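Note that the numbering runs from 1 along the sequence shown for the chain. Note that the structure is predicted; figures quoted are calculated from it, not measured.
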Amino acid sequence: MENKELKHNTESMQTANQPGIYRLIIFGVLVCMVGTYLRFAHDSWQMSLISWIILFVGAIISIKGVFKILDA
């Protein structure tokens with residue numbers, strides 16, 4: 001059996017583990033949570049539209065963070 005070492009200190013791993021990327025994902029998830037809460041908190045079409053927009057903006061922010069990790 002061979003002893004294969006994993007290289008965790010590569011440049012792509014260091015780039016993917018930057019704290020700023022994970023802060024971006026957490027911020028996007030929090031924005032999605034606000035959008036979801038507003039979606040069920042009020043019963044007007046204006047508030048529903050605003051909450052859907054907030055929800056999609058949060059999803060886009062989160063996906064942007066994930067793609068930054070995948071790009072590393």
Side-chain angles (χ1 to χ4, degrees):
M1 218 178 213
E2 293 180 23
N3 187 9
K4 295 183 179 180
E5 290 185 32
L6 296 175
K7 297 182 180 180
H8 294 290
N9 292 330
T10 61
E11 184 179 338
S12 64
M13 288 294 285
Q14 290 174 354
T15 304
N17 288 330
Q18 291 178 352
I21 294 174
Y22 293 100
R23 285 189 202 118
L24 182 67
I25 293 172
I26 290 172
F27 178 71
V29 169
L30 291 175
V31 171
C32 285
M33 289 172 64
V34 168
T36 303
Y37 173 75
L38 291 176
R39 179 81 177 98
F40 295 105
H42 302 286
D43 194 25
S44 67
W45 70 270
Q46 296 97 348
M47 200 60 179
S48 179
L49 180 65
I50 291 169
S51 66
W52 275 110
I53 292 170
I54 292 171
L55 184 64
F56 281 117
V57 167
I60 290 169
I61 291 170
S62 297
I63 290 171
K64 184 178 176 183
V66 170
F67 281 134
K68 280 186 178 183
I69 292 173
L70 294 175
D71 188 39

Asker: Atom CZ of Arg39 and atom CD1 of Ile50: how far apart are they, to the nearest 0.5 Å?
Answerer: 12.5 Å
Asker: Would you say Ile21 and Phe27 are hydrophobically clustered, going by side-chain heavy atoms of ILVMFWY under 4.5 Å?
Answerer: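 Not linked; separate clusters.
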Asker: Restricting to non-hydrogen atoms, name the atom on Ser62 and the atom on Ile25 that form the minimum distance, rounded to 0.1 Å.
Answerer: OG-O, 3.6 Å
Asker: Spell out, yes or no, whether Ile61 and Leu55 are grouped together once hydrophobic residues are joined by side-chain heavy atoms under 4.5 Å, including indirect joins.
Answerer: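 Shared cluster, no.
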Asker: Might you point out which heavy atoms bring Cys32 and Gly58 nearest each other, and give the distance in Å?
Answerer: SG-C, 3.3 Å
Asker: Any link between Tyr37 and Val29 through a network of hydrophobic side chains (Ile, Leu, Val, Met, Phe, Trp, Tyr) touching at under 4.5 Å?
Answerer: no
Asker: If hydrophobic clusters are built by linking Ile, Leu, Val, Met, Phe, Trp and Tyr wherever their side-chain heavy atoms come under 4.5 Å apart, do Ile54 and Leu24 end up in the same one?
Answerer: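 In one cluster: yes.
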Asker: Measure the CG-OG distance between Asn17 and Ser12 for me, rounded to the nearest 0.5 Å.
Answerer: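 Rounded to the nearest 0.5 Å, the CG-OG separation comes out at 9.5 Å.
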Asker: Linking I/L/V/M/F/W/Y whenever any side-chain heavy atoms sit under 4.5 Å apart, do Met33 and Phe40 land together?
Answerer: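 Met33 does not cluster with Phe40.
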Asker: Do other residues, nucleotides or ligands put more than 12 heavy atoms under 6.0 Å from Tyr22 OH?
Answerer: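 Counting other residues, nucleotides and ligands, OH of Tyr22 exceeds 12 neighbours.
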Asker: Exactly one of Leu38, Val34, Thr36 should register a side-chain contact (heavy atoms from CB on, under 4.5 Å) with Ser51. Which one does?
Answerer: Leu38
